[in-house]
There are 2 protein chains.
Amino acid sequence: MIRDLPSLNALRTFEAAARLESATRAAAELNVTHGAVSRQIRVLEAELGTTLFTHEGRGLALTAAGRRLRDVASSALDQLRDGCARLRHDIETAPFVLGCSGSVLARWMIPRLERMGRELPGVKLNLSVIEHAPANGMPGLDAMLLLAEPPWPAAWQVHVLAPERIAPVFSPRHPRSAALRKANLAALVKEPLLHTTSRPQAWPAWARAQRVAVARLQFGQAFEHLYYMLEAAVAGLGVAIAPEPLVADDIAAGRLLAPWAFRATRASWVLCAPKSSGDPRIATLGHWLQQQLALP
Amino acid sequence: MIRDLPSLNALRTFEAAARLESATRAAAELNVTHGAVSRQIRVLEAELGTTLFTHEGRGLALTAAGRRLRDVASSALDQLRDGCARLRHDIETAPFVLGCSGSVLARWMIPRLERMGRELPGVKLNLSVIEHAPANGMPGLDAMLLLAEPPWPAAWQVHVLAPERIAPVFSPRHPRSAALRKANLAALVKEPLLHTTSRPQAWPAWARAQRVAVARLQFGQAFEHLYYMLEAAVAGLGVAIAPEPLVADDIAAGRLLAPWAFRATRASWVLCAPKSSGDPRIATLGHWLQQQLALP
DNA sequence: ATGGACGTGTGAGATTTCCTGACAGGTCGT
DNA sequence: ACGACCTGTCAGGAAATCTCACACGTCCAT
């Protein structure tokens, strides 16, 4: 099925010249010189083996063949212009739906939304809370920001943004904060530890990595989400363990203390999207998130 | 009204790649390498700010945006292909309608039609007899081959092919041919001269130019057309006066004698067409006719 | 009628675009 | 695991395209 088209650039030039009935005005519209227009029309005439314009006084006039070609070309090019404009518009204005947990949303994304709007003006972000990553597909989502361990589902394209780093945190208002601030890590075994039902392995895994006796850990209040646990920690109700970015602002403001170093876990902050997506904003967003997560 | 289109070459490349779902096959169709296809698709993606293809195994798969663009592009390009093919076909197969007098047709065009078909294979010639040039417009004609004097109508584009050259001719079968063959021009005043009703001035004008006494010319048989007059001359019925190309074959074959030199008149062989035509075959045909008329 | 404004056609040279040809890397089937 | 197959990418060169300048014809005002 080999059918050939004339030079499309020549055709576009011709369409403008035919519509404006002037090589000079067509040149202005196409941001070229009139010589280029004249030449392109010559090319098209040679390809079709006919004359498209005749001279009418000091201007141009279409021949019969020229009129026919103009009708065909203007219709097709208008269709193309319209379709491309529509597509462009949709691409530019379509919001990017990012899913993340409520805790990440409230404690990390929301404080950074204003800066993001400034630094990524092209991306209209819609945020959607996803507490549990869907098994397959991402209904209504363009991407998800997750804390997760490999392996990743094969259907995802995963951008690893930063390793997860966690540490115990507590409030200056904590009854034993003065003592804890200078205490050895081992002192934590005496504290009732705030924890979440969604990640029961957080404390034990951390303790193992820090050579703290896992068996002697005492669990205190449990929360459904990290967000509530951290609110409890800020309120001085106990020692929590949390990813650094979610508590960095509180530490900087003095609402939380973290006397022990943050340590990497096996999990990472990842931005994941369906493999078939191909949305270029994923890379843009991933790059920006990576920068933000790397800040002190 | 400035609306911009993406690169049309990139769009054509994309359309082929989307239709064939393969950069390699698109490259084969477009007679380029797959690298060129890949690059053009990249250009288009950059212009639209989106991804059009994703990788599907070792092949390509369209994204949602790609599918939309394919629908738009294939429809528009198909329309363009169809319109251009139709136009091309009409241009190539449209016969060129040439008008000329019956005399020129019978004594000059018809003997040359075979050679013309060989030397101008692209031109399908239709011949139409026009005894009197129409005042304005050329109904049903693409051009006319005429013997005519300036000035030309302003609405015509006129290609002057050759000056008209005429001379008296007679047959070897003419009763006084032996005497005429060696006679002085002045001897013609004694002959009853064959002439046409359509150009009664032919003999007087020629005689004036040759310093022969016009008043003493004797007119013999009159014919409606040059063609019949020349047939009469060939039959030995008298002395006719004729344009060189129309009798050259007869002279070469010995059917007519022309002992006196051919002289230019004020008329010319011209190919004329409407000024608005712009048909490139006019120039082709004019060139060929000019060559043929210049032959000995 | 004459000069100037306007519009188009054409040429040589410069510039941009485009293609090629080779290589790298990933996927599929055996 | 290997080869066949497909795509992405790069540097360099070929080709298309543009620009600039000038020539020429038309229209208008003086």
Exercise for the section: First locate atom CG of B/Asp4, then atom CZ of A/Arg12, and finally report the distance between them rounded to the nearest 0.5 Å. Expected result: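 Going from the CG atom of B/Asp4 to the CZ atom of A/Arg12 covers 9.5 Å.
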Practice task
Sort and list the pairs that fulfil ring pair (Phe, Tyr, Trp, His ring centres under 6.0 Å) and have at least one residue in residues 28-73 of chain B, not counting sequence neighbours.
Solution key: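 Pairs touching residues 28-73 of chain B that pass the test: B/Phe14-B/Phe53.
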Problem - End axis versus end axis in the helix from C/dA1-D/dT30 to C/dT30-D/dA1, the angle rounded to 10°, five pairs used at each terminus - result: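 The two end axes of the helix from C/dA1-D/dT30 to C/dT30-D/dA1 meet at 30°.
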What residues, two or more places apart in sequence or in another chain, satisfy salt bridge (charged side-chain N to carboxylate O under 4.0 Å, His left out) together with [X]?
| X | answer |
| --- | --- |
| A/Arg199 | A/Glu164 |
| B/Arg86 | B/Asp82 |
| B/Arg112 | B/Asp249 |

Handout entry: Length of the line joining A/Leu20:CG and C/dT8:P, which is rounded to integer Å
Key =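 To the nearest whole Å, that distance equals 11 Å.
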Handout entry: Atom-to-atom span, CD of B/Glu47 to C1' of C/dT17 - whole angstrom
Key =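 Nearest whole value for this atom pair: 12 Å.
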Problem - Which residues share a side-chain contact (heavy atoms from CB on, under 4.5 Å) with B/Thr13, sequence neighbours left out - result: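 Checked B/Thr13 against side-chain contact (heavy atoms from CB on, under 4.5 Å); matches are B/Leu30, B/Val37, B/Gln40.
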Exercise for the section: With sequence neighbours left out, write down each residue that passes side-chain hydrogen bond (donor to acceptor under 3.5 Å, both in side chains) with A/Asp90, or none if nothing qualifies. Expected result: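 If we apply the side-chain hydrogen bond (donor to acceptor under 3.5 Å, both in side chains) test to A/Asp90, skipping adjacent residues, the hits are B/Arg68.
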Practice task
Please identify each residue that fulfils side-chain hydrogen bond (donor to acceptor under 3.5 Å, both in side chains) with A/Glu149, with sequence neighbours left out.
Solution key: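 Expected list: A/Arg266.
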Fill in the blank from the handout: Per-nt protein contacts along nucleotides 6-20 of chain D (heavy atom under 4.0 Å; B base, S backbone sugar-phosphate only, - none) come out as SBBBB------SSB-
